[in-house]
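Have a look at the structure below, then the notes.
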Amino acid sequence: MAICKLFIRILKIHNAIPARSMCGYLQVEPGESEICSISYEKPTNVLQRTHKDLSDVTPFLSNTFNLAAYVNHSKTLQNLIDLNVNISKFEKKPYIIEKLLKLDFEKNMKSHIVFLSDYVNMEQMGEFFTKNPMIFCEHLEDLKTRVNYLESKRFSDSEIKRIISKNPYWLNFSTIRIDRRFGFYQQYFDLSGKNVRCLATTQPKLITYNLHHVKCNTFAIKEEMGFKDEEIKLLLLNKPKLWMINQRMLIERFNYIHNIMKIPHTTILENAGVLLSRVFRIKQRHLFLQSLGRAQYDPKKVNYVPIKALVEKSDVEFCNNFAKCDIDDFNMFLKTL
């Protein structure tokens with residue numbers, strides 16, 4: 001068993017570890033038999049009394065229903081809270097929590113925050129990361145490339161800031177995907193490059209929105225509501241949010257305004273914001289004006305009431321300026337509906 005002695009000598013030379021300090025797994029004493037003896041340490045009693053400070057010993061944090069159990073042990077989560085990030089929003093998305101807890105704030109997150117501070121106001125930073133915490137999983141160089149792409153498309157600095165701050169998910173899209181989205185809107189609606197920049201700046205969320213939903217709303221506006229291609233383009237540039245609302249609700253609002261109130265397409269086109277208001281609000285004010293004999297929306301006739309009066313301003317202003325009555329009369333009427 002000369003091999004055992006040779007092994008011990010090698011360890012002594014390279015690690016300067018005495019033969020008796022090997023935790024009892026391999027012990028060979030000088031003058032003893034050359035047979036290698038293996039011994040095991042006696043296990044300690046886990047219930048044995050001790051005078052050591054064990055206050056820092058905590059159990060492993062298993063799966064939990066909220067992040068409260070992790071906050072005191074995660075510097076990353078503590079820093080996010082300091083930025084006014086609402087981490088409770090992540091609790092229904094375990095994959096986000098898993099990724100965030102693996103990130104180091106100094107190495108993986110600090111540089112992202114510094115970069116984004118040029119495009120997002122500090123007051124909005126918490127809301128930005130609450131909506132899109134996965135931005136920390138994107139490579140910083142990719143984020144810079146996506147900003148450079150917008151600059152190459154002749155977006156101004158103020159437009160880029162608006163796009164990024166209004167649509168926190170924009171920078172998660174690669175330049176190839178964004179370029180395809182620009183191409184889709186340009187071809188589908190026959191827009192110029194200036195129109196596309198205007199659309200992206202006015203409603204940045206629409207560019208990254210579900211394209212199937214956009215196509216369905218376009219079909220509804222053209223085929224079911226009867227707007228022409230040029231009118232659709234005007235609607236898109238003036239009220240792009242129409243392409244982001246529920247298709248059934250959009251048609252319901254149009255049917256009430258056009259078929260019941262008898263408002264023509266041209267008037268709706270000039271006051272497209274009425275399609276963004278809920279039907280019950282339009283219906284309440286229209287029926288009240290009708291009961292007073294003031295439901296007159298033709299600008300060429302007496303007692304003209306602009307259609308936007310049905311959705312804008314408070315009820316008090318509506319009564320004073322258009323219904324020409326007291327707010328109590330309007331409230332009493334609403335009880336009859």
(request) Just do the side-chain contact (heavy atoms from CB on, under 4.5 Å) check on F136 and I113 with the steps written out, would you? (result) CA-CA 9 Å; F136 293 117; I113 296 172; 3.9 Å; yes
Does any pair with a residue in [range] pass salt bridge (charged side-chain N to carboxylate O under 4.0 Å, His left out), and if so which ones, sequence neighbours excluded?
range	value
residues 215-227	K222-D229
residues 103-130	E106-K110, E127-K131
residues 247-273	R248-E252
residues 165-181	K153-D179

(request) Rounded to the nearest 0.5 Å, what's the gap from CD1 on I282 to CG on L287? Could you check? (result)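 These two atoms lie 11.5 Å from each other.
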Taking only residues two or more places apart in sequence, or in another chain, which ones meet [X] in a side chain to side chain donor-acceptor pair (under 3.5 Å)?
X	result
Q203	none
N195	S192
T208	N167

What residues form a ring pair (Phe, Tyr, Trp, His ring centres under 6.0 Å) with [X], not counting sequence neighbours?
X	answer
Y209	H213
F322	none
F288	F330, F333

Can I get a per-line list of side-chain donor-acceptor pairs under 3.5 Å for residues 300-316, giving both atom names and the distance, sequence neighbours left out?
unit_1: S314; atom_1: OG; unit_2: E317; atom_2: N; d: 3.4
unit_1: S314; atom_1: OG; unit_2: E317; atom_2: OE1; d: 3.3
unit_1: D315; atom_1: OD1; unit_2: R285; atom_2: NH2; d: 2.8

(message) Quick check: closest heavy atoms across C325 and N320, and the distance to 0.1 Å?
(response)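 Looks like O-OD1, 3.8 Å.
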(request) Go through the structure and list residues passing side chain to side chain contact (heavy atoms under 4.5 Å, CB included) with S74, not counting sequence neighbours. (result)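 Expected list: T76, L77, L101.
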(message) Test your reading of the model: is there a side-chain donor-acceptor pair from N217 to the backbone of I245, 3.5 Å cut-off?
(response)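 Yes: the side chain of N217 pairs with the backbone of I245.
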